[in-house]
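Have a look at the structure below before the remarks.
As a basis for the values below, the full set of heavy atoms in this structure was taken, side chains included, without hydrogen atoms, waters or symmetry mates. Remember, it's 1-based here, ligands and their atoms both numbered in the order they're listed.
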Amino acid sequence: MWTIFYTIALIASITEAIPRTDVTVSGLSSGGAMTAQLHLVFSSTISGSGILAGPPYYCAQGSSTRVDTCLYGPVTLIPVEKLISQLQSYVSAGTADPTSNLKNDPVYIFSGRFDPVVFPDVVKLNEKIFSSFGTNIKTNYKMRATHGFITDNFGGLCEFPDLEYFINNCSFNLAYDVLNHIFGGNLTKPTKPVPLTGQFVAIEQPAFMNPESINTTDLKNTNIFSYWANWLKTSTTTYKSSFQLRTFKLPDLTGISSIGASGFDKEGYVYYPTNCTKGKKCPIHVALHGCLQGKWRIGDVFAKKTGYLEVAELNNIIILFPQIVATHTDPSNPEGCWDWWGYGSPNYANKLGTQMAGVKKMIDSLRAINAALDA
Ligand SMILES: *[C@@H]1O[C@H](CO)[C@@H](O)[C@H](O)[C@H]1NC(C)=O
Ligand SMILES: *[C@@H]1O[C@H](CO)[C@@H](O)[C@H](O)[C@H]1NC(C)=O
Ligand SMILES: *[C@@H]1O[C@H](CO)[C@@H](O)[C@H](O)[C@H]1NC(C)=O
Ligand SMILES: *[C@@H]1O[C@H](CO)[C@@H](O)[C@H](O)[C@H]1NC(C)=O
């Protein structure tokens, strides 16, 4: 009996000491707001986040009339206590996980000093919200940067908005800094071009969100996750340099083409580092684009040029790049932003929101593929 007690105590202390990193998330701008939503709401699944130039959780309170305040302030008009209590009421209703899960979770918050799109003082409110739950926060507020994803090797000048890609070369590897904080500080940093010899795949988002409706009759003794896992294990790439990184399409069996008015694009991307298709157990990180940065507008540039892939390859992290598409009616989302004010669903900031549930389902599918890869 004492042995059991000690074993349980030992396991408890080990699990407390090592932060879980099996599923984490980061994103820019509207993707930053979505990151905060996902982490706060799915905190039993998601255990770390990087909020890059994004407005705070539930800032718009379901109304597009509040969007401007949530971009430019004044912060005195943003009722942080009320935003926190909204999350608490979702927890009570069972539409958000208990906030006790958030304790000690790593959170990274970035805002460029010259950001003209989401003002630094607004972004900093994320710190207030996340610190109220005892998270482990690293902030990055000092760079002379504009509104964009910061890199050390691609994009426009650091201080000026790059309206083509919203990626800025500030001689700083933000993707690395974010992931390194989330993963506890011991990640390998890319110091020279990294050969991306893993699998960069396009996935059917509707199939990933609804795998149970895929017709697997033709697969005989296997299920869709084993089928995908086997495809990842057996299809080989011969690309030696990052310039030759090509997109493969994960085979789809299906017919699932409609995702209704969810805002999701038909395809998203996933990068499987070389060793992650060869039996290595790899954590999953979700990276969310900002407005005007989806596949519909810039293809795979966000996925390939922000620096995530090189960090992923050197550290065995699977990266999911879910994609939102621009729509002009039903819903009206002309810039292809993630839903952080309620354009697509009154439940946009809890588990029932279409985009929230959709990303969660894609994470679940990736975990099921991981389990099949291990088998
Ligand atoms: C990035 O910016 C630095 C500093 O301005 C510059 O020296 C470097 O050449 C730039 N790199 C690229 C790839 O544009
Ligand atoms: C970092 O440390 C953690 C905990 O010791 C370990 O699980 C992980 O594999 C390490 N990561 C790297 C890239 O060394
Ligand atoms: C599933 O696929 C099989 C074989 O292609 C086909 O005979 C069957 O009708 C399909 N089932 C559904 C529900 O579409
Ligand atoms: C990938 O696996 C190879 C062979 O086991 C090993 O040499 C290499 O260090 C691994 N790479 C990473 C990033 O773990």
Using a strict 4.0 Å threshold on nitrogen-to-oxygen distance, state whether [X] and [Y] make a salt bridge.
| X | Y | result |
| --- | --- | --- |
| Lys295 | Asp300 | no |
| Arg297 | Glu335 | no |
| Glu159 | Arg113 | no |

TODO: Output yes when the distance from some N or O of ligand 4 to some N or O of Asn315 is under 3.5 Å, and no in every other case.
DONE: no
- [ ] Could you say whether the N/O atoms of Glu313 and ligand 4 ever approach to under 3.5 Å?
- [x] no
Just by distance, no angles: are the side chains of [X] and [Y] close enough, under 3.5 Å, to form a donor-acceptor pair?
| X | Y | result |
| --- | --- | --- |
| Ser49 | Thr35 | no |
| Tyr269 | Gln205 | no |
| Gln61 | Lys82 | yes |

Open item on the list: List ligand 1 atoms under 4.0 Å from Asn169, heavy atoms only on the residue side.
Closed with: 1 (C), 2 (O), 3 (C), 8 (C), 10 (C), 11 (N), 12 (C), 14 (O)
Open item on the list: Closer than 4.0 Å to some heavy atom of Ser171 - which atoms of ligand 1 meet that?
Closed with: 2 (O), 3 (C), 4 (C)
Task: Pi-cation contact, Tyr90 with Lys351 (under 6.0 Å, within 45°) - done: no
TODO: State whether Phe208 and Lys361 meet the cation-pi test: NZ (Lys) or CZ (Arg) under 6.0 Å from the six-membered ring centroid, and within 45° of the perpendicular axis.
DONE: no
Open item on the list: With side chain to side chain contact (heavy atoms under 4.5 Å, CB included) as the test, pick out the partner of Tyr108 among Asp177, Ile51, Leu179.
Closed with: Asp177
Task: Contacting atoms of ligand 4, where contact means under 4.0 angstrom from a heavy atom of Leu314 - done: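 Within the 4.0 Å cut-off of Leu314, ligand 4 contributes 13 (C).
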Between the protein and ligand 3, which nitrogen or oxygen pairs come in under 3.5 Å, and how far apart is each?
unit_1, atom_1, unit_2, atom_2, d
ligand 3, 2 (O), Asn215, OD1, 3.3
ligand 3, 2 (O), Asn215, ND2, 2.4
ligand 3, 5 (O), Asp218, OD1, 3.4
ligand 3, 5 (O), Asp218, OD2, 3.4
ligand 3, 11 (N), Asn215, ND2, 2.8
ligand 3, 14 (O), Asn215, ND2, 3.4

TODO: Classify the contact between Thr274 and ligand 4 as side chain, backbone, both or neither, using a heavy-atom distance cut-off of under 4.0 Å.
DONE: neither
Open item on the list: For Lys280, which part has a heavy atom under 4.0 Å from ligand 4: side chain, backbone, both, or neither?
Closed with: neither
